[in-house]
K.L.:
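Sharing a structure, written as structure tokens. Questions coming.
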Number of protein chains: 2
Amino acid sequence: MGRACPPCSFGKPPMSLAHVILGLLQHQERTGYDLKTECFDDGMSHLWPADQAQIYRTLDKLESQGSITCTVEIQHDRPNRKVYRITQAGEAELTHWLQTHHPLPVLREPLLVQLYFAAQLPNEAIVYLLEQELEARQEKLAQCETIEALSLSHPTASREQELHQLVLDLVKQREQTYLDCLEQAIRAVHRLSDRNNP
Amino acid sequence: MGRACPPCSFGKPPMSLAHVILGLLQHQERTGYDLKTECFDDGMSHLWPADQAQIYRTLDKLESQGSITCTVEIQHDRPNRKVYRITQAGEAELTHWLQTHHPLPVLREPLLVQLYFAAQLPNEAIVYLLEQELEARQEKLAQCETIEALSLSHPTASREQELHQLVLDLVKQREQTYLDCLEQAIRAVHRLSDRNNP
DNA sequence: ATCCTATATATGACTAATCATATAGTAGCA
DNA sequence: TGCTACTATATGATTAGTCATATATAGGAT
């Protein structure tokens with residue numbers, strides 16, 4: 001049943017974090033620590049936040065499936081580093097994944113559920129909820145603006161950097177839309193009939 | 001340490017599905033099967049899709065924590081039904097949750113990752129990827145429109161229905177924004193420098 | 001002398017969610 | 001007669017992700 005595919009993972013589920021890591025390693029060899037501090041805590045944070053534990057475990061998985069290799073750099077003043085590099089198999093895997101359409105991620109927003117069941121709350125309580133969300137969203141947009149500053153300081157706009165900028169713009173636009181929606185929702189709740197209130 | 005709180009779950013993590021179920025049961029008593037077929041497969045699908053197995057396990061948890069009770073209705077032509085009702089403790093829990101601000105859900109979009117690492121692909125391949133996503137998003141928006149039809153057929157706009165309509169509008173607007181962003185991204189990729197191409 | 005931070009990897013425990021499968025009776029259809 | 005669909009609940013296995021904690025060393029601050 002199905003085609004045999006021992007050393008690669010085609011046909012298997014998404015494993016998106018694995019492919020993010022492949023994408024990062026393709027650009028430059030790195031350790032798990034590098035990935036965490038230089039990538040996932042920084043430019044990747046708005047795109048694909050990742051936990052340290054999950055990064056290390058994914059590196060193990062990628063190595064055991066042959067998509068990356070590892071060499072240990074012995075350090076005497078500090079703990080040894082395990083430096084990972086992408087293999088040819090890993091590059092093929094990445095290229096394939098980059099061209100494959102993946103199912104839309106499911107977005108579950110607690111706020112919308114709250115709004116859905118909010119009939120028992122007075123309008124002010126609902127507005128308060130929306131305002132708290134608005135604040136959190138504003139903070140998040142502000143974080144995105146920070147990333148932009150770093151990106152713009154690089155004047156040479158390579159194809160790669162153009163794409164990074166495009167992604168960042170899309171994320172920022174997404175966040176801005178959330179803000180617009182929330183403000184609109186607040187106005188809508190103000191217009192809500194207040195009958196049947198507790 | 002911390003305040004003791006034996007029979008309730010205040011202070012614990014989100015458990016959002018549990019609260020969605022509480023919200024649904026507050027309106028009307030239901031079985032797990034009812035919840036799945038009448039709620040989560042229907043009007044709730046765009047808001048909080050839920051797996052059958054998870055629904056049943058969450059019902060168990062809610063019952064054991066005292067937020068809902070269960071009575072078995074014996075049926076002879078069909079399997080027995082376990083009918084769940086919300087308790088006072090459950091209502092208190094729900095009311096509290098409804099008024100609490102919850103952390104923003106993290107959205108990880110494989111497409112944006114693909115775009116981020118797409119420099120090695122020719123522009124046409126990137127556009128193709130975006131067009132596939134566009135198609136999937138159009139389908140999803142079409143599903144949302146279907147739900148609206150059901151909602152509008154109810155002419156009496158109670159406070160509850162107004163809120164349901166508001167939520168649906170927000171979801172639809174979110175989807176429409178995705179479509180706009182994708183079209184914009186496609187135009188941007190067409191303008192992308194094609195240097196450094198494979 | 002003590003504490004904190006940075007560097008670096010690893011493991012255990014847990015939640016949320018998904019998928020597959022089991023059980024079991026009725027009813028309709030071909 | 002067998003096949004499928006509907007009603008109804010339950011469990012096992014697995015993935016993705018999070019949180020906490022362990023280990024170990026160097027260097028700077030208090």
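By convention in this document, chain letters (A, B, ...) are assigned in the order of the sequence lines, proteins followed by strands, and residues within each chain are numbered from 1.
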K.L.:
Kindly say whether, by distance alone, the side chain of B:Gln52 makes a donor-acceptor pair under 3.5 Å with the base of D:dA10?
P.N.:
yes

K.L.:
Is any N or O donor-acceptor pair between the side chain of B:Arg81 and the base of C:dG25 shorter than 3.5 Å?
P.N.:
no

K.L.:
Using a cut-off of strictly less than 4.0 Å, decide whether A:Tyr56 has a side-chain nitrogen or oxygen near OP1 or OP2 of C:dT9.
P.N.:
yes

K.L.:
By nearest heavy atom, map A:Pro79 and A:Arg57 onto DNA chain D; which one lands nearer the 5' end?
P.N.:
A:Arg57

K.L.:
Where each residue is assigned the nucleotide of DNA chain D containing its nearest heavy atom, which of B:Asp34 and A:Pro49 is assigned the position nearer the 5′ end?
P.N.:
B:Asp34

K.L.:
To the nearest Å, how far apart are A:Asn80 CG and D:dT23 C1'?
P.N.:
13 Å

K.L.:
Mind calculating the distance between CE (A:Met15) and C1' (D:dT14) to the nearest angstrom?
P.N.:
13 Å

K.L.:
Out of C:dA8, D:dA13, C:dA10, which nucleotide sits closest to the side chain of A:Asp60?
P.N.:
C:dA10

K.L.:
Compare the minimum distances between each of C:dA17, D:dT18, C:dA10 and the side chain of B:Leu17, then state the nucleotide with the smallest one.
P.N.:
C:dA17

K.L.:
Please tell me if B:Lys61 has a side-chain N or O lying less than 4.0 Å from either OP1 or OP2 of C:dA16.
P.N.:
yes

K.L.:
So, B:Thr31 and B:Asp34: side-chain donor and acceptor under 3.5 Å apart, yes or no?
P.N.:
yes

K.L.:
Whether A:Thr31 contacts C:dT9 is assessed here as follows: a side-chain N or O lying under 4.0 Å from the phosphate OP1 or OP2. Is that the case?
P.N.:
yes

K.L.:
Side-chain N or O of A:Gln75 less than 4.0 angstrom from OP1 or OP2 on C:dA8?
P.N.:
yes

K.L.:
Indicate whether OP1 or OP2 belonging to C:dA10 is found under 4.0 Å from a side-chain N or O atom of A:Lys82.
P.N.:
yes

K.L.:
Show, in sequence, the C-alpha distance, side-chain angles and deciding distance for A:Asn123 and B:Arg159, and conclude whether the side chain to side chain contact (heavy atoms under 4.5 Å, CB included) test is met.
P.N.:
CA-CA 10 Å; A:Asn123 285 357; B:Arg159 178 173 175 79; 2.8 Å; yes

K.L.:
Whole Å only: how far is the NZ atom of A:Lys36 from the C1' atom of D:dG17?
P.N.:
12 Å

K.L.:
In whole Å, I'd like the distance from the CG atom of B:Leu59 to the P atom of C:dA16.
P.N.:
14 Å

K.L.:
Okay, side chain of A:Ser16, backbone of B:Pro110: is any donor-acceptor separation there less than 3.5 Å?
P.N.:
no

K.L.:
Whole angstroms only, please: what is the CD1-C1' distance between B:Ile55 and C:dT18?
P.N.:
12 Å

K.L.:
Any side-chain N or O of B:Gln54 under 4.0 Å from OP1/OP2 of C:dA17?
P.N.:
yes

K.L.:
Can you tell me the distance, in whole Å, between the CZ atom of A:Arg78 and the C1' atom of C:dT7?
P.N.:
6 Å

K.L.:
When you measure from the side chain of A:Arg108, which nucleotide among C:dA8, C:dA17, D:dA8 comes out closest?
P.N.:
C:dA17

K.L.:
Can you measure A:Asp51 atom CG to D:dT21 atom P for me and round it to whole angstrom units?
P.N.:
14 Å

K.L.:
If only side-chain N and O atoms of B:Tyr33 are considered, is one of them under 4.0 Å from the OP1 or OP2 phosphate oxygen of D:dT9?
P.N.:
no

K.L.:
Give me the atom names and distance for the closest heavy-atom approach of B:Glu29 to B:Val83.
P.N.:
OE2-CG1, 3.6 Å

K.L.:
Please answer whether the main-chain N or O of A:Thr100 pairs with a side-chain N or O of B:Gln114 as donor and acceptor at a distance below 3.5 Å.
P.N.:
yes

